[in-house]
Amino acid sequence: MEFTPIDKLNLDERIIKILKKKGIEKLNPVQTDAVNSGLLEGKRLLVTSPTGSGKTLIAELGIISHLLSDGGKAVYITPLKALTAEKYNELKDWEELGFKVGMTSGDYDSDDAWLKNYDIIVSTYEKIDSLWRHNPSWLSEVDYFVLDEFHYLNDEERGPVVESVAIRAKRKNLLALSATISNYEKIANWLNAIPVTTNWRPVPLREGVIVEGKKSYQVIFPNETIEIKGNDPIIAYTLYVLEHGGQVLVFRNSRKMAESTAKKISSSMGLLSLPDKELLKVGEEIKNVEDAGSDEKEELYELVVRGVAFHHAGLSKGLREIIERAFRERKIKVIVATPTLAAGVNLPARAVIIGDFHRYNRKILGYQEEISIMEYKQMAGRAGRPGFDKEGEAVIVVRNKKEAEKVFKKYILSPPEPIESRLGNESAFYSFLLGIISSEKKISEDDLEDYAMDTLLDKDVAEKYVKRGITWLRDNEFIAGDDELVLTKFGKRVADLYINPFTAKVFKDYLTKSDKSCNIAYLHLVAYTPDGPTVSVTRSELEELVDEAPCPLFIEEPEDEDEFYNYVSALKVAMIINDWIEEVDEDVILSRYGIGSGDLRSIIDTMDWLTYSGYNVAKVLDLKEHYDVLYTLNLRVKDGVKEELLDLVKIQGVGRKRARILYNHGIKKPEDVVMNVDKVKSLLGQKIGEKIAKEAARLIAGNA
DNA sequence: GCTTGCAGCCTCTAGACAGCATGTC
DNA sequence: CTAGAGGCTGCAAGC
């Protein structure tokens, strides 16, 4: 455990200058280890260490010393868009050396985004995987890959993409960063990298359990037991930490419980929760957020002015950001969250309370599984704010002494489980093959098999999947050719759209054999694909929904119970989106379907992408009868409008609400806006009216 | 006859990635 | 296959 002053390292002067500017005088033990293992000489490393141990700086040093000595380009890959933005901002500091930093992810591209102009590009795994399929020329200039949060390899859904990207990065140079994993030697070996592993944390972490004792609760740490009074372990411990001046992050396993725990805490806080000026300001911000539903704003407001908040993916992005910032600024004292906050941007607290170590598993009815050690470590790792807390505390709530012992042994004393390949299923593996063929343009079966042998799968499993995959892709007309495999036009389109081949097959099979139908039928088909959004359907909705389908659907009602549920869930998505494009008020949609604004947003985004994809698949298959419907549908889904507003929403700054106002007052096209600027101003306000008139003029000029 | 209390049954359950077009010597 | 909270119903005791 040693710290190394940066002057003692063999660092380029320019690097030292910037480090000092960032306020970094010495490297911490993890960073020192990485440097001693050859980081600056371009050695391939797999660094595994706890969250918050300063891995980002390792990546920065790796990238910069690589660019300084070898030129070329570097890519920094993260699993989350939020992390991509965060790393982008940190890497910006290095632009002083003359390197340009850009970023690209699904919803954001660097403003003057032509990526070939950048030296360092920050992105997500999926986006890089997708880019590889298009194979832009600049991508071949990239010879240094940082694979951040590499333990996502173990994630059932996202893992296959991480692995695909790693397989290609392996053929160049890479630096992989991961949370602590137990089989790091095996993974390092696979990556052909040197393992660097430590448990060092900037703020020490104390892990324990909370058990109900005779008259009070006991918080048991390895060498100390604290007695606290109260009726509820979470509330009691939260109050205890608050009284000692710390902030608390509580994790619950459902949104409902996150909300009710937040309420209970706030009503037990007494004098600890007097609203102050700062909190009232945060409250005002919440009231004024534009992207949220009114119910969720109201509920959150009541809590936030008392210094408490709940946080989950049902909340709008704007709302979540306000809460996170206010917590970081130490205004909000307690956040009760679902696992959203376990990964993602750094949001530490003095104490973390893990309220549940079980989680409902939707695949197996009535079965509640224990969360993985890795997940526990991610949550516990949020404890301890550098600079504020001497020590972080993480406690798990258990019911009795027997459970306490078990939990202590499993979560606190054991290393996280090993990570392993998630490519071992048809859907993931066939996508992987499709992606490789797409970027290679043409490839022999032997070479394709070489790629498969590069996966983390056992050789015989990989071999089985290549053989089956090639046959399947050929049978379904994604690929053609004998000596050299190439993508068909259909296959290439599917690869570029980045949809799952099974999604494409659903489009192809049903659209080919069916006649035109109504919007709901198309939306249902789109939602029913494996890439479609999933929503939960309550029992009462289930009966209603089936009767409600207004026209013949493309998919017949499945016999199988699970499939039937998917069928109904897709129908619910279709109804939601149908309301959206019929301009039903957002608050009405939210309460009608029991979803949050964050849910609605993500359903819309996914359906936008998939209606676009459906249109393109229909187009490439020349299914004339269907593609015009899907085309219009996609435009309407994007903005949530009826067809008559499509001209207006093309104007930058005009969404479904403004477009409707304008239209109802006789302004129906961009030209009308330009001709009636005064009227537009009186309808939408001076400032906005003016801006929109300008945009409308620009739009017309652009079209001409 | 109406209210209140409570046992027991029923219902429900986390998160978040991807297309496109974009600019210009 | 290893759950638990909250809502709802219906029955019985209490007034």
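Lettering follows sequence order; numbering is per chain, from 1.
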Find the distance A/I128:CD1 to B/dA18:C1' and express it as a whole number of Å.
13 Å

Taking only N and O in the side chain of A/S536, is any of them less than 4.0 Å away from OP1 or OP2 of B/dT13?
yes

Those residues of residues 252-263 of chain A lying under 4.0 Å from DNA chain C by at least one heavy atom:
A/M257, A/S260

Do the charged groups of A/E299 and A/K263 touch, with an N to O distance under 4.0 Å?
yes

Do A/N117 and B/dG23 share a donor-acceptor pair, side chain to base, under 3.5 Å?
no

Determine which nucleotide pairs with B/dT11, using a 3.5 Å limit on both distances of a Watson-Crick or G-U wobble pair.
C/dA5

Heavy-atom pair of closest approach, residues A/A169 and A/W132
N-CH2, 4.1 Å

Counting only distance, no hydrogens or angles, is the base of B/dA18 paired donor-acceptor with the side chain of A/S105 under 3.5 Å?
no

Report the distance from atom CD1 of A/I603 to atom P of B/dA14, rounded to the nearest whole Å.
13 Å

What distance separates A/R133 CZ from A/Y498 OH, expressed to the nearest 0.5 Å?
5.5 Å

Whole Å only: how far is the CZ atom of A/F251 from the P atom of B/dG15?
12 Å

When you check the phosphate oxygens OP1 and OP2 of B/dG19, does a side-chain N or O of A/S613 lie under 4.0 Å from one of them?
no

Take a 6.0 Å sphere around CG of A/N231 and say whether it holds more than 12 heavy atoms from other residues, nucleotides or ligands.
no

Would you find more than 12 non-hydrogen atoms of other residues, nucleotides or ligands less than 6.0 Å from A/R698 atom CZ?
no

Assert: residue with more 5' nearest nucleotide on DNA chain B, out of A/W609 and A/A313, is A/A313

Residue whose closest nucleotide on DNA chain B lies nearer the 5' end, A/L131 versus A/S602:
A/S602

Within the structure, does a side-chain N or O atom of A/T606 lie under 4.0 Å from either OP1 or OP2 of B/dA16?
no

Distance-minimising heavy-atom pair for A/K377 and A/S414:
CE-O, 4.0 Å

Quick check on side chain to side chain contact (heavy atoms under 4.5 Å, CB included): which of A/I577, A/T606, A/D599 does A/P533 satisfy it with?
A/T606

What is the distance, to the nearest angstrom, from the CD1 atom on A/I604 to the C1' atom on B/dA16?
15 Å

